[in-house]
Amino acid sequence: MKNIKEAILIKAKELFNQNGVANVSIRMIARELEISHSNLLYHFKDKNSILNALHQEILESAVNINTEIKYEESALKSLFISTLKGFEVLVDYRFFMIDFNYILRENQVLHKRILEIETLRQSMYAEKINLMISQKILRNKQYDSEFLDLIKQIRIFSDYWLSSAQVYENNVALSIKKYARLFLLLFYPYLTKHGKAKFDKLLIAYDL
């Protein structure tokens with residue numbers, strides 16, 4: 001039973017990536033797997049249930065990345081690692097961000113979950129920013145909401161860079177480093193002289 005559920009999720013992800021979520025039906029997934037429509041519905045009651053399960057896989061990947069960088073002393077280096085690995089995950093599940101608005105419009109349960117996760121993501125970035133300030137990587141804020149504004153810019157970039165890459169890049173997978181660099185450069189205006197030196201070395205180290 002577990003293998004069938006896994007097979008359904010693997011095939012659904014493949015079809016969503018290839019055709020877009022709106023163009024893939026439950027029957028199409030079942031047909032591609034050569035199982036009956038009723039068999040698929042036994043495991044997932046509808047397409048939203050499949051999307052919820054795939055989103056959970058994305059979250060689990062994010063948790064694994066955060067666990068991996070947990071003991072990295074340099075907050076800046078951990079930012080580079082988490083960005084590159086996180087972007088790799090998003091490309092693997094690229095349908096989710098490319099069809100982000102459509103998915104959340106059709107799936108109110110998942111929309112609510114995304115809003116809850118965004119609150120956690122804001123806290124995570126605020127903590128990372130404070131750590132980089134303490135490590136003299138980032139300067140202190142120059143107005144009250146300066147770093148909150150940066151976190152909002154991070155959210156916008158994170159949510160929509162894949163949609164842009166889908167339009168302008170010949171191969172989205174090969175553009176990960178390009179967009180990771182653009183994302184990381186959001187932090188550049190806030191770096192100290194010491195932070196810029198560290199940042200520039202990391203760009204070279206990660207071939208960005």
Side-chain angles (χ1 to χ4, degrees), residues 1-68 81-121 124 154-183:
M1 184 180 295
K2 183 179 178 181
N3 289 338
I4 294 176
K5 290 191 75 169
E6 288 177 354
I8 291 169
L9 292 176
I10 290 169
K11 181 55 68 174
K13 181 174 74 170
E14 176 189 327
L15 292 173
F16 290 156
N17 280 338
Q18 287 178 353
N19 305 303
V21 174
N23 299 315
V24 176
S25 66
I26 289 285
R27 291 186 181 277
M28 183 186 299
I29 298 168
R31 185 169 61 249
E32 287 285 328
L33 288 169
E34 298 182 345
I35 62 175
S36 67
H37 180 232
S38 59
N39 190 356
L40 192 151
L41 291 177
Y42 174 79
H43 297 285
F44 296 99
K45 65 179 182 178
D46 53 26
K47 190 161 68 172
N48 278 344
S49 298
I50 294 175
L51 288 166
N52 292 343
L54 289 171
H55 180 252
Q56 183 59 35
E57 291 183 358
I58 296 173
L59 291 183
E60 289 170 3
S61 295
V63 169
N64 290 338
I65 292 169
N66 286 331
T67 300
E68 181 181 335
I81 295 170
S82 62
T83 298
L84 284 164
K85 290 186 177 293
F87 277 29
E88 288 173 0
V89 171
L90 290 179
V91 167
D92 190 30
Y93 293 82
R94 57 191 171 277
F95 72 88
F96 193 86
M97 304 315 301
I98 291 171
D99 293 335
F100 191 56
N101 289 1
Y102 171 82
I103 291 170
L104 298 191
R105 186 170 60 246
E106 299 294 318
N107 189 333
Q108 292 303 309
V109 171
L110 190 52
H111 188 184
K112 182 180 178 181
R113 180 70 175 130
I114 289 291
L115 293 178
E116 292 170 351
I117 291 168
E118 177 55 28
T119 299
L120 294 175
R121 183 166 67 167
M124 179 194 73
I154 288 169
R155 181 190 68 205
I156 294 167
F157 191 104
S158 298
D159 287 350
Y160 294 106
W161 74 268
L162 263 170
S163 295
S164 178
Q166 183 79 359
V167 172
Y168 297 109
E169 306 297 334
N170 293 325
N171 189 317
V172 173
L174 294 179
S175 68
I176 290 175
K177 286 189 173 182
K178 173 182 177 179
Y179 285 88
R181 179 178 180 275
L182 291 171
F183 173 84

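Of all heavy-atom pairs spanning S82 and I65, the tightest one is CA-CG2, 3.8 Å. Across V172 and S175, no two heavy atoms sit closer than the pair O-OG, 2.6 Å. Annotation for A173 and V91: closest pair CA-CG1, 3.9 Å, computed over non-hydrogen atoms. A pairwise comparison of heavy atoms in L110 and N107 identifies N-OD1, 2.9 Å as the closest pair. E106 approaches N48 most closely through the heavy-atom pair O-ND2, 3.1 Å. Contact detail for F44 and A53: the closest heavy-atom pair is CE2-CB, 3.9 Å.
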Discussion item. Run M124 and N66 through side-chain contact (heavy atoms from CB on, under 4.5 Å) and show every step you take.
Written reply: CA-CA 10 Å; M124 179 194 73; N66 286 331; 4.3 Å; yes
Discussion item. Would I58 and L54 count as a side-chain contact (heavy atoms from CB on, under 4.5 Å) here? Give the steps.
Written reply: CA-CA 7 Å; I58 296 173; L54 289 171; 5.8 Å; no
Discussion item. One pair to check against side-chain contact (heavy atoms from CB on, under 4.5 Å): F16 and D99. What are the steps and the verdict?
Written reply: CA-CA 9 Å; F16 290 156; D99 293 335; 6.0 Å; no
Item to complete: Take H55 and I117 through the test side-chain contact (heavy atoms from CB on, under 4.5 Å) and record every step on the way to the result.
Response: CA-CA 12 Å; H55 180 252; I117 291 168; 3.5 Å; yes
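Side chains of D46 and S49: a donor-acceptor N/O pair is present below 3.5 angstrom, by distance only.
Note that CG of L51 and CG of L9 are 10.0 Å apart. Values are rounded to the nearest 0.5 Å. Note that CZ of R113 and CD of E118 are 12.5 Å apart. Values are rounded to the nearest 0.5 Å. Here the CG atom belonging to L40 is positioned 7.0 Å from the NE2 atom belonging to H37, to the nearest 0.5 angstrom. Put simply, CZ on F95 and CD on E14 are 12.0 Å apart, with the number rounded to the nearest 0.5 Å. Taking CG of L90 as the reference point, atom CE of M97 lies at 6.5 Å (rounded to 0.5 Å). In this structure, T83 OG1 and I176 CD1 are separated by 12.0 Å, a value rounded to the nearest 0.5 Å.
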Under 3.5 Å, which donor-acceptor pairs do the side chains of residues 156-164 form with other protein atoms, sequence neighbours left out?
{"unit_1": "S158", "atom_1": "OG", "unit_2": "I154", "atom_2": "O", "d": "2.8"}
{"unit_1": "D159", "atom_1": "OD1", "unit_2": "R121", "atom_2": "NH2", "d": "3.4"}
{"unit_1": "Y160", "atom_1": "OH", "unit_2": "N101", "atom_2": "OD1", "d": "2.8"}

Acceptor/donor pairs from residues 18-33 side chains to any protein atom, 3.5 angstrom cut, sequence neighbours excluded:
{"unit_1": "N19", "atom_1": "ND2", "unit_2": "L15", "atom_2": "O", "d": "3.3"}
{"unit_1": "N23", "atom_1": "ND2", "unit_2": "N19", "atom_2": "O", "d": "2.8"}
{"unit_1": "S25", "atom_1": "OG", "unit_2": "M28", "atom_2": "N", "d": "3.1"}

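The number of heavy-atom neighbours closer than 6.0 Å to NZ of K13, taken from other residues, nucleotides and ligands shown, is above 12.
Note on E88 versus K85: no salt bridge recorded, every NZ/NE/NH1/NH2 to OD/OE distance being 4.0 Å or above. The pair K178-E169 meets the salt-bridge criterion, since a charged nitrogen lies less than 4.0 angstrom from a carboxylate oxygen.
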